[in-house]
Amino acid sequence: MFIVVSKWSVKPGQWPEFESRAKQVRRAILANDGVSFVHGFKSEQGDAVAVVGYRDQAAYSAVVNDPSGPFAKALAEHGLEDMSEWVWSERGEVLPD
């Protein structure tokens, strides 16, 4: 499994609308083949954090790295970047048990 953790900075006063739109983006991502789970939470610092599990790195790449792919379409359709800014992401394979 390939996991990605991303931090997003939400513009002041935008949390209620961000939460609504981010929920739609999470649903759109989860609907793709190879996506195992999608979770989001508000960090203690007040930022949004997304945690997404993919079957493997190829599934991640198919969803996220295509400029006209599912992730880019979901961001554009729901205007998430109008009210937030991507800060960073950490990615990697799950360690064996």
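All values below were derived from every heavy atom in this structure, side-chain atoms included, with hydrogens, water molecules and symmetry-related copies excluded.
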Counterpart residues, side-chain contact (heavy atoms from CB on, under 4.5 Å), relative to [X] (two or more places apart):
| X | value |
| --- | --- |
| Asp47 | Lys7, Ser9, Ser43, Gln45 |
| Gln14 | Val10, Lys11, Met83 |
| Ile3 | Met1, Val5, Phe37, Val51, Val94 |

Any pair with a residue in residues 16-35 that passes ring-ring contact (aromatic ring centres under 6.0 Å, His included), sequence neighbours left out, goes on the list, sorted by first then second residue, please.
Trp15-Phe18
Not counting sequence neighbours, which residues clear side-chain hydrogen bond (donor to acceptor under 3.5 Å, both in side chains) with Ser6? List them please.
Ser89
Members sharing Leu95's hydrophobic cluster, built from side-chain contacts under 4.5 Å between Ile, Leu, Val, Met, Phe, Trp and Tyr, are none
Count I, L, V, M, F, W, Y as connected when their side-chain heavy atoms are under 4.5 Å apart, and connections chain through other members. Are Phe41 and Trp88 then in the same cluster?
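In one cluster with Phe41: Trp88, yes.
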Which residues pass the salt bridge (charged side-chain N to carboxylate O under 4.0 Å, His left out) test with Glu17, not counting sequence neighbours?
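With sequence neighbours excluded, Glu17 shows a salt bridge (charged side-chain N to carboxylate O under 4.0 Å, His left out) to Arg21, given in chain and number order.
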Using the salt bridge (charged side-chain N to carboxylate O under 4.0 Å, His left out) criterion, which residues pair with Arg27? Sequence neighbours excluded.
none
For residues 66-78, which side-chain donor-acceptor pairs fall under 3.5 Å, sequence neighbours excluded?
{"unit_1": "Asp66", "atom_1": "OD1", "unit_2": "Ser68", "atom_2": "N", "d": "2.9"}
{"unit_1": "Asp66", "atom_1": "OD1", "unit_2": "Ser68", "atom_2": "OG", "d": "3.2"}

Is it true that atom CD of Glu93 has more than 12 heavy atoms of other residues, nucleotides or ligands lying nearer than 6.0 Å?
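Enclosed.
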Donor-acceptor pairs under 3.5 Å, side chain of residues 52-63 to any protein atom, not counting sequence neighbours: which ones?
{"unit_1": "Asp56", "atom_1": "OD1", "unit_2": "Ala58", "atom_2": "N", "d": "3.3"}
{"unit_1": "Asp56", "atom_1": "OD1", "unit_2": "Ala59", "atom_2": "N", "d": "2.8"}
{"unit_1": "Tyr60", "atom_1": "OH", "unit_2": "Arg91", "atom_2": "NE", "d": "2.7"}
{"unit_1": "Ser61", "atom_1": "OG", "unit_2": "Asn65", "atom_2": "ND2", "d": "3.2"}

